[in-house]
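Computed from a predicted model, the values in this text were never measured in an experiment.
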Protein chains: 2
Amino acid sequence: MKTLSERQKLILALVIRDYIDTAQPVGSQHLVEHYNLDVSSATVRNELVALTNMGYLRQPHTSAGRVPTEDGYRYFVRQLMGHTELPDTTKHTIAHQFYQAGHDVDRWMRLAASVLAHQSQAAALVTAPRAEQARFKHLELIATHGRQVLMVLVLSGGEVRQQMLVLAEPVSQDRLSAAANHLNTAFQGMDLNSISAYTGQLDALEQDIIKLAIEDMQHPGDILGGEVYRDGISQVLAEPEFAEVDVARKALRILEERSLLEDLLSRTVLTTSVGGVQVLIGGEGTWEELRDCSMVLARYGAPGIVTGTVGVLGPIRMAYGRSISTVRFVAGLLSDLVVDMHAE
Amino acid sequence: MKTLSERQKLILALVIRDYIDTAQPVGSQHLVEHYNLDVSSATVRNELVALTNMGYLRQPHTSAGRVPTEDGYRYFVRQLMGHTELPDTTKHTIAHQFYQAGHDVDRWMRLAASVLAHQSQAAALVTAPRAEQARFKHLELIATHGRQVLMVLVLSGGEVRQQMLVLAEPVSQDRLSAAANHLNTAFQGMDLNSISAYTGQLDALEQDIIKLAIEDMQHPGDILGGEVYRDGISQVLAEPEFAEVDVARKALRILEERSLLEDLLSRTVLTTSVGGVQVLIGGEGTWEELRDCSMVLARYGAPGIVTGTVGVLGPIRMAYGRSISTVRFVAGLLSDLVVDMHAE
DNA sequence: TTTAGCACTCTCATATCGAGAGTGCTAATT
DNA sequence: AATTAGCACTCTCGATATGAGAGTGCTAAA
């Protein structure tokens, strides 16, 4: 793969930027007129031919302007776009909204989705923070009715799981409280493995309970936290590439079906370190459902302790600069908030 | 408004059923051929003219078949459709799935949305059960970091609220546990008003905490429970009426925007008794966003204690029979489950 | 009251056409 | 060697026309 001349880089960037704005194929004449290049349209045409041969541009039909290919977008994002940041005033406004939301994780998530959707003009996706390698913090047992007991399990990071258990026989609230107290003092702050090692010294009731608690802490295979927050879906469908319903439906399935989302996230952003922003352009040959879409994803939280995912989804012709800077900023903000809450 | 002859009722029902199936305007000839009416197409045409004049049918253009009007659908749903039930085997299969899900409310909700979406072929909507007139059951305070305290509040019905508080000064876990114990024994099982009456006898810390707990119990204005579950959205967009993206977008906004949904539910199904199924056809002149859609809604739960909402959204040309029977069945099932869990 | 017959209307798919946009190539220019 | 003017060529897109087909409403007869 030959490297591009400076002029080729310039022209490629102009074509892509223009196309992202207008959704119209970009012609040689249009370029020289609007971006006062001091070369003729014929010269530009020659460069366009070169860029087309290199696979960065293509023509929808013989006599239309050029449109970026997926490779073109990838080159643009990696080499041409440079680093963009949201304006400071915007950042402050957003941060202020978060701090006003107090310590309500649910509100943070909704706010994050809303901010992502509005700033990036794409569909937003946020998963709740989830403790990896959860440590036991507190357990509460509440008798509700007969043999039914509500177990509330608090993990490090303030994550709360609740589960209804049905015991073999009715047990009094006093007995439950005693069991909870015992388990709380015994396992305070311990992680999964440590707890598993000590279960021998418990009575039958306590063993049953701690077994369920451990299962809950492992959250097997469930990568998404409990809830997935979405926003801006109806808004992003206004993009012309979703005029064809089938395209829109495929995109929606990604956001709607947990299994798809789980597969997608587990094989992309979960393999990345916190702080890095990952850009998926047009399915990358792996995800059929993403064929007509791009996603910008990032993890937030404290690596190895609690993490979640934020991201946006839009057409391949997406304003990557805005999206990436927004996703990066929101992920950073959430990281601060979550880490702060998690500190102990 | 004149009453319809039996033959008119039959023809109206046939037109609507056929149109719901095929999404094609129904002509007089088509009717006599496919439903072996023993009259001629000319006679049917005369009846169609009558039904059109009464406002139950209309023609997309001069020489097309008839299509139901919104009034036509309403008449059909109220007078012609009769009472339909899901087949027993289907009911059993579904109920079995719910019982297999144990006592996990989150799984119930997801399952309910999935069942609604698949059975009714429309987009499903389920709100988590929410305690009306909540009673205090249990409170837990967990010191996390400095002045930050996690409050876990368990209400009657097993509903759990969590909130992070920031105290004026650091307080030890022991002190917090003592306060929680005190409040738990003092207010066990009491409702909002009773608690408010007794706050005088508490110390400053306890007063602060119980004030926040009361605020939480009131959940001001928030009609939707915490989470709204949706399913079948991408599926319902396959209906031909959503081929126009703008129609699809408007429908999606209803499901996406909490404020819209809240307004909609508060003014419809929340004014109905549990058990009743409400059908909104084409916005009913009130909701612009629903102009091209219909919804079938029902409340579930224990009236006055815990309730939630289930429903489906589809094009006006919706299989009302299937939708209504599915919504009724799922609402009933969830009522049983929630009431069962709530019993104490 | 029902029905056969028929003219009428409107949609929809198809074909034709010209304008316009943008190209690629060639040959001349710098 | 790189750039540019010139130009023929290709393809899309919107406008216009055309005809088949579907379904109607009306009239008059049964």
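- Every residue two or more places apart in sequence or in another chain that forms a side chain to side chain contact (heavy atoms under 4.5 Å, CB included) with B/Ala331 is listed here: B/Ala298, B/Tyr300, B/Val310.
- Side-chain contact of B/Tyr320 with B/Thr84: a donor-acceptor pair under 3.5 Å is absent, judged by distance alone.
- Between D/dA5, D/dT10, D/dG23, one nucleotide has an atom nearer to the side chain of A/Ser63 than all others, and that is D/dT10.
- In this structure, CZ of B/Arg58 is placed 16 Å from C1' of D/dG23, rounded to the nearest angstrom.
- At the heavy-atom level, A/Gln59 lies under 4.0 Å from the strands shown only through sugar-phosphate atoms.
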Worked check of side chain to side chain contact (heavy atoms under 4.5 Å, CB included) between B/Val39 and B/Arg7: CA-CA 10 Å; B/Val39 289; B/Arg7 192 168 65 191; 3.7 Å; yes
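- Taking atom NE2 of residue B/His61 and atom C1' of nucleotide C/dC10, one finds them 6 Å apart after rounding to whole Å.
- Comparing B/Arg45 and A/Asn46 by the nucleotide of DNA chain C that holds the closest heavy atom to each, the one mapping nearer the 5' end is B/Arg45.
- With rounding to whole Å, B/Leu31 atom CG is found 10 Å from D/dG23 atom P.
- Per the geometry, CD belonging to A/Gln29 stands 13 Å off P belonging to D/dG6, to the nearest Å.
- If you measure from atom CG of A/Leu48 to atom P of C/dG24, you get 8 Å, rounded to the nearest angstrom.
- Across the interface with DNA chain C, nearest-nucleotide mapping of A/Thr52 and B/Thr62 shows B/Thr62 to be the residue nearer the 5′ end.
- With hydrogens and angles left out, the side-chain atoms of A/Ser323 and A/Thr326 include no donor and acceptor closer than 3.5 Å.
- Protein atom CG of A/Leu57 is 11 Å distant from nucleotide atom P of C/dG24, rounded to whole Å.
- Straight-line distance from the CD atom of B/Gln24 to the C1' atom of C/dT11: 13 Å, rounded to whole Å.
- Side-chain contact, A/His34 with A/Asp18: no donor N or O sits under 3.5 Å from an acceptor N or O.
- Contact annotation: B/Thr43 reaches the phosphate of C/dT3 (side-chain N/O to OP1 or OP2, under 4.0 Å).
- Shown for residues 5-15 of chain B: residues whose heavy atoms fall under 4.0 angstrom of DNA chain C, namely B/Arg7.
- The closest side-chain donor-acceptor pair between B/Ser234 and A/Glu256 falls under 3.5 angstrom.
- At a cut-off of 3.5 Å, with distance as the only test, a side-chain donor of A/Arg66 or A/Thr52 sits close to an acceptor on the other residue.
- Contact annotation: B/Arg66 side-chain N/O to D/dG23 OP1/OP2 distance is not under 4.0 Å.
- A/Ser41 comes within 4.0 angstrom of no nucleic acid atom, judged by non-hydrogen atoms across all strands.
- Distance CG (A/Asp38) to P (C/dT30): 17 Å, rounded to an integer number of Å.
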